[in-house]
Amino acid sequence: MTRRKPGLLTIAAFSAVTLSVLHAEEPKQNYVPVVTPNGSTLPYTLDNGVKVFHLTAEPVKREFAPGLSVECWGYNGQTPGPTLEAVEGDRVRIYVTNKLKAPTSVHWHGIFLPNGMDGVSGLTQKPIQPGETFKYEFTLKQHGTFMYHPHYDEMTQMGMGMEGFFIIHPKEPHKPEVDRDFAIFLAEWYIPPGGTKPDPSVMVDFNYFTFNSKVFPATAPLVAKKGQRVRIRLANLSMDNHPIHLHGFTFKITGTTGARVPENRQAEDDTVDVPPGSTRDFEFVADEPGDWAFHCHKTHHTMSGMGHGLSNVLDVKLGDTAKKIKTLLPGYMEMGGNGMGEMMDMGGPKNMITVGGIQGPFGTVDMGGMFTIVKVRDGIGSYEDPGWYKHPEGTVAGPVSESEVPKDPAPGEKPAGHE
Ligand SMILES: [Cu+2]
């Protein structure tokens with residue numbers, strides 16, 4: 001077994017044990033390792049310069065948030081599966097062991113490879129039967145943000161959580177180089193109230209929306225130091241597009257599943273739409289400290305435990321209607337007469353979390369689902385969650401006395417400054 005270091009001609013022989021330790025400790029990679037919040041990166045070993053990975057398809061239990069434990073399918077105990085990271089030009093060998101009760105296969109989404117390595121059951125390979133291990137091997141000819149997922153009973157297996165990132169770094173990092181690099185998989189689920197298994201046959205009415213199979217407030221914050229250049233990679237294999245919005249900054253969309261976007265075509269925006277079957281990368285400079293919301297802008301996708309098909313009761317006096325319905329439909333939750341923002345403390349059925357909500361520094365943050373916080377800080381020594389942002393005095397919106405409120409112009413009166 002040998003380890004070829006980028007830019008070095010020396011080839012040294014090590015035992016497998018030494019190698020794995022070396023890999024774990026070796027900081028001299030030519031790239032900033034990707035952080036998969038609430039997830040992990042798959043370690044590899046080296047065999048004559050080939051990066052060797054091992055994925056195990058299996059049932060996994062995933063706590064979407066405290067109070068909601070879900071029986072999913074995934075890889076190596078996780079959904080999304082661990083992130084695979086390699087460099088353009090690398091040869092990779094990936095063993096896939098099937099510990100599911102159903103056959104499966106793995107498709108390397110977006111990656112150039114020989115047809116027989118493409119992982120489409122029936123078309124380019126036999127399905128991997130329960131108990132079998134298949135070997136995939138190919139050389140990476142491009143760089144970017146790619147995915148892996150089954151191509152056997154696709155609706156069920158992806159709907160149960162089988163998906164993961166396959167990130168290929170360029171031989172030389174793009175300039176300017178990023179300091180932080182995050183990867184977030186977008187997914188949506190229907191988990192029957194009180195149930196523990198996602199229903200993959202559902203096509204429209206999902207009730208949980210996740211970043212890396214977590215709903216806010218269980219989604220890990222993305223922590224950066226003030227002034228750092230941050231890349232966020234998003235991937236989507238769900239049934240819907242997700243317009244993902246970042247507060248406080250504009251970013252440049254620097255990558256799609258296809259390729260790196262040339263610099264003169266990198267659109268500037270603060271929302272990036274991620275269609276099903278694709279990935280998007282964007283980069284920005286985190287030059288303004290604070291707790292910046294980062295979420296899907298489909299408002300239903302920042303909710304958890306939603307019931308659909310209910311009447312809109314905004315501004316309606318509800319009385320004890322909900323109580324009456326609950327005798328017929330246990331677990332029914334009405335939309336409040338003032339919307340749903342006040343429902344956070346209401347109880348619900350077992351293994352179900354409702355709407356969302358967490359006590360923030362100013363009260364309840366009434367969002368769940370596809371929501372997390374980009375925490376930008378000055379002078380932090382680590383990337384541990386730094387807690388809530390402490391706003392400098394005089395920089396937080398707040399109530400004023402009535403006398404301070406400017407008078408609105410009377411109807412027909414010309415606003416000041418207009419002739
Ligand atoms: Cu969404």
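These numbers were taken from a predicted model, which means no experiment stands behind them. Counting starts at 1 for both ligands and their atoms, in listed order.
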Whether [Y] and [X] form a salt bridge (side-chain N of Lys/Arg under 4.0 Å from carboxylate O of Asp/Glu) is what I want to check.
X: Asp291; Y: Arg377; value: yes
X: Asp179; Y: Lys225; value: no
X: Glu88; Y: Lys171; value: no
X: Arg265; Y: Glu263; value: no

Give the name of the N/O/S atom in His242 that lies closest to the Cu ion (ligand 1). ND1
Near the Cu ion (ligand 1), is there an N/O/S atom from His297 that is less than 2.8 Å away? no
Tell me whether the Cu ion (ligand 1) has His301 as a neighbour, meaning an N, O or S atom of it below 2.8 Å. yes
